[in-house]
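Down below is the structure, laid out as structure tokens.
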Amino acid sequence: MSETPPNTLQYRVDGPEDAPVLVLGNSLATTWHMWDRQVPELAKQWRVFRFDLPGHGGAPAYPAGSVGDITDRLLATLDGLGVQRFGYAGCALGGAIGLELALRHPERTASLALIAASPRFGTPDEFRQRGVIVRTNGLDPIARTSPDRWFTGGFAAAQPAITDWAVQMVRTTDPGCYIAACEALAAFDVRAELAHVGVPTLVLVGSDDQVTGPAEARTLVAGIPDARLAVVPGASHLVPVEQPAAVTDLLVRHFSTAWQPAYDSTTGQIAIPAAPVKPVLAAAGPPPQVVPIAEIAPPAPAPQALGGRPDPYDAGLKVRREVLGDAHVDRALAQADEFSGDFQEFVTRYAWGEIWDRPGLDRRSRSCVTLTALVAGGHLDELAFHVRAALRNGLTPVEIKEVLLQAAVYCGVPAANSAFKVAQEVIREETTPEE
């Protein structure tokens with residue numbers, strides 16, 4: 001166990017002190033206890049290091065806004081213990097951390113296992129919408145539906161104690177840290193970088209995972225040069241909890257046979273190990289066929305300069321998507337034609353790239369200003385999607401109400417009356433949890 005400053009993580013260690021280190025990373029809203037059934041066997045060969053994400057499992061609530069930030073904290077924690085090189089297995093968000101390690105810190109990663117992982121988790125809209133739900137309703141709606149996402153129906157019905165444990169684990173997570181983790185996953189996308197993962201990799205997935213299932217696993221295997229696929233039947237998203245024996249066996253076999261040696265500091269080279277044994281869970285049937293489901297796009301050309309400085313269009317499109325959501329922006333761009341296309345480019349470049357991307361105000365403040373201006377102008381259609389944007393930017397329904405009350409004084413009661421009707425409907429749609 002550990003005391004945890006803001007730049008490190010809460011952790012525990014099991015296994016022989018002189019054994020090679022194996023790090024286990026958790027899924028969002030879980031704790032290191034999700035690995036309890038794997039540790040006894042793994043600790044026979046490895047020094048097993050487990051950590052809790054910020055605000056999870058009673059860890060101090062220092063939110064981390066990106067997968068890279070969490071990875072940096074993990075490395076700082078390992079540095080404090082003198083651990084320089086290690087194997088890593090991560091589930092879901094923990095898998096994203098594993099990809100970050102392999103891509104940004106390959107000299108420290110000896111071997112990798114990605115469980116229920118993906119190079120991109122869903123869409124940014126989905127995770128930012130989840131943040132809106134939690135900011136408004138707390139974590140209880142997420143907690144109540146977690147068993148449906150994490151376990152197969154048969155397992156949840158047969159294991160009520162584990163199901164209750166899962167619900168309580170989510171409820172005890174710090175909401176601010178959960179929202180920050182959602183933002184981190186919303187921004188995570190390494191699809192174009194998979195070919196640069198240079199460590200032996202096991203990609204492990206539950207056959208019934210509806211969150212990051214076999215399709216995402218095959219994308220990883222198709223993109224990572226030295227990757228093997230293992231599909232565990234009868235398991236959903238938290239496959240280490242639902243099928244502990246199968247996962248343990250696969251991890252032991254992978255890390256026992258696919259541990260890349262360290263760089264030789266005198267030559268700058270690395271010995272090429274023999275190809276690892278392909279993990280196979282079931283004896284029956286042919287090995288799974290890996291079919292790429294998307295080609296990796298070539299790098300985009302560099303933006304042209306405008307008046308000696310970078311063209312703000314790409315930055316504007318990124319901000320526009322983050323604030324308004326991919327669905328809204330895709331719809332607006334798809335509807336653009338020869339007549340309106342120039343206007344869409346103008347809005348993206350100047351409104352979003354020049355103004356919304358300026359550093360002088362944060363996005364919460366810009367949303368407040370925008371809502372007030374739209375009320376004053378009577379632009380109710382624009383007001384509707386900017387209320388959605390305000391929720392995504394971190395304003396609560398109470399704060400939006402206060403903005404509209406302020407606008408009633410300075411913009412007029414009739415204008416605010418119409419605005420309240422629009423905002424009330426949008427807030428009801430956006431903050432009502434799905435059952």
When you measure from the side chain of Thr145 to the backbone of Ile142, do you find a donor-acceptor pair of N or O atoms at a distance under 3.5 Å? yes
Mind jotting down which residue pairs meet the salt bridge (charged side-chain N to carboxylate O under 4.0 Å, His left out) criterion with at least one end in residues 328-338? Sequence neighbours excluded, please. Arg321-Asp330
Once rounded to the nearest 0.5 Å, what's the spacing between atom SG of Cys411 and atom CG of Leu404? 9.5 Å
With sequence neighbours excluded, give me every side chain to side chain donor-acceptor pair (under 3.5 Å) pair touching residues 159-174. Asp140-Arg171
Partner residues of Arg363 under the salt bridge (Lys or Arg N to Asp or Glu O under 4.0 Å) criterion, sequence neighbours left out: Glu322
Taking all heavy atoms of Gly131 and all of Ile179, pick out the closest pair and write down the distance. O-CD1, 3.9 Å
CG on Leu371 to CD on Gln406, rounded to 0.5 Å: 12.5 Å
Please enumerate all residues that pass ring pair (Phe, Tyr, Trp, His ring centres under 6.0 Å) together with Trp35, with sequence neighbours excluded. none
Would you say the side chain of Leu93 lies within less than 4.5 Å of the side chain of Asn26, judging by non-hydrogen atoms? no
Please check: side-chain N/O of Thr201 versus main-chain N/O of Ala113, any donor-acceptor pairing under 3.5 Å? no
To the nearest 0.5 Å, how far apart are CG in Leu220 and CG in Leu194? 6.0 Å
Tell me every residue that passes side chain to side chain donor-acceptor pair (under 3.5 Å) with Ser367, counting only those two or more places apart in sequence or in another chain. Asn393
Presence of salt bridge, Asp326 and Arg120, under 4.0 angstrom: yes
Please check if the side chain of Ser118 supplies one atom and the backbone of Ala116 the other of a donor-acceptor pair under 3.5 Å. no
Smallest separation among heavy atoms of Val203 and Ala227, with atom names: CG2-CB, 4.5 Å
pair Val205-Val232: side-chain heavy atoms closer than 4.5 Å: no
Residue pair Thr30 / His56, side-chain donor-acceptor N/O under 3.5 Å: no
Do Ser365 side-chain atoms and Leu361 backbone N/O form a donor-acceptor pair below 3.5 Å? no
Checking Gln38 side chain against Pro240 main chain: does a donor-acceptor pair fall under 3.5 Å? yes
Distance-only polar pair, side chains of Arg320 and Thr348, donor-acceptor under 3.5 Å: yes
Residue pairs involving residues 53-71 (criterion salt bridge (charged side-chain N to carboxylate O under 4.0 Å, His left out); sequence neighbours excluded): Asp69-Arg73
Heavy-atom distance under 4.5 Å between the side chains of Val211 and Phe121, does that happen here? no
Enclosure of Asp362 CG (heavy-atom neighbours >12, cutoff 6.0 Å): yes
How far does CG of Leu251 sit from CD1 of Ile115, to the nearest 0.5 angstrom? 5.0 Å
Just so I know, are the side chains of Tyr313 and Glu345 near enough to count as touching, which here means a heavy-atom distance under 4.5 Å? yes
Among all residues two or more places apart in sequence or in another chain, which pass the side chain to side chain contact (heavy atoms under 4.5 Å, CB included) test with Ala166? Trp150, Phe151
Closest contact, heavy atoms only, Cys182 versus Arg130: SG-CD, 3.9 Å
Side chains of Leu81 and Val21 in contact at under 4.5 Å (non-hydrogen atoms): no
Check: Gln129 side chain, Glu430 main-chain N or O, donor-acceptor pair, under 3.5 Å: yes
Measure from the side-chain N and O atoms of Glu216 to the backbone N and O of Gly213, and report whether any donor-acceptor pair falls under 3.5 Å. yes
Look only at the side chain of Tyr88 and the backbone of Gly94, and say whether a donor-acceptor pair between them is shorter than 3.5 Å. yes
Could you measure the distance from the CG atom of Asp381 to the CG atom of Leu374? Nearest 0.5 Å is fine. 10.5 Å
Are any non-hydrogen side-chain atoms of Gln344 and Leu333 less than 4.5 angstrom apart? yes
Might you point out which heavy atoms bring Leu28 and Leu53 nearest each other, and give the distance in Å? CA-CD1, 4.3 Å
Ignoring hydrogens and geometry beyond distance, is a side-chain donor-acceptor pair present between Thr152 and Glu242 at under 3.5 Å? yes
So, taking the atom named OG1 in Thr71 and the one named CD1 in Ile97, what distance separates them when rounded to the nearest 0.5 Å? 5.5 Å
Using modelled atom types only, decide if a donor and an acceptor are shared between the side chain of Thr123 and the backbone of Glu126 within a distance under 3.5 Å. yes
According to the salt bridge (charged side-chain N to carboxylate O under 4.0 Å, His left out) rule, which pairs have a member within residues 412-425, sequence neighbours left out? Glu425-Arg428
Please check this pair: side chain of Thr109 against backbone of Ser111, looking for a donor-acceptor N/O pair closer than 3.5 Å. no
Closest non-hydrogen atom pair between Val329 and Leu324, with its separation: CG2-CB, 4.2 Å
Please identify each residue that fulfils side chain to side chain donor-acceptor pair (under 3.5 Å) with His196, with sequence neighbours left out. none
Pairing residues for Phe49 by the ring pair (Phe, Tyr, Trp, His ring centres under 6.0 Å) criterion, not counting sequence neighbours: Tyr11
Decide, yes or no, whether a salt bridge links Arg349 with Asp314 under the criterion of side-chain N to carboxylate O below 4.0 Å. no
Pair listing, salt bridge (charged side-chain N to carboxylate O under 4.0 Å, His left out) test, anchored in residues 391-400, at least two apart: Asp125-Arg392, Arg364-Glu399
In terms of side-chain geometry, is the basic nitrogen of Arg50 or Asp52 positioned less than 4.0 Å from the acidic oxygen of its partner? no
Here the pair of heavy atoms bringing Val197 nearest to Ala102 is CG1-CB, 3.9 Å
Under 3.5 Å side-chain donor-acceptor pair for Arg37 and Gln243: no
Keeping to residues at least two apart or across chains, list the ring-ring contact (aromatic ring centres under 6.0 Å, His included) pairs with something in residues 380-427. His328-Phe385
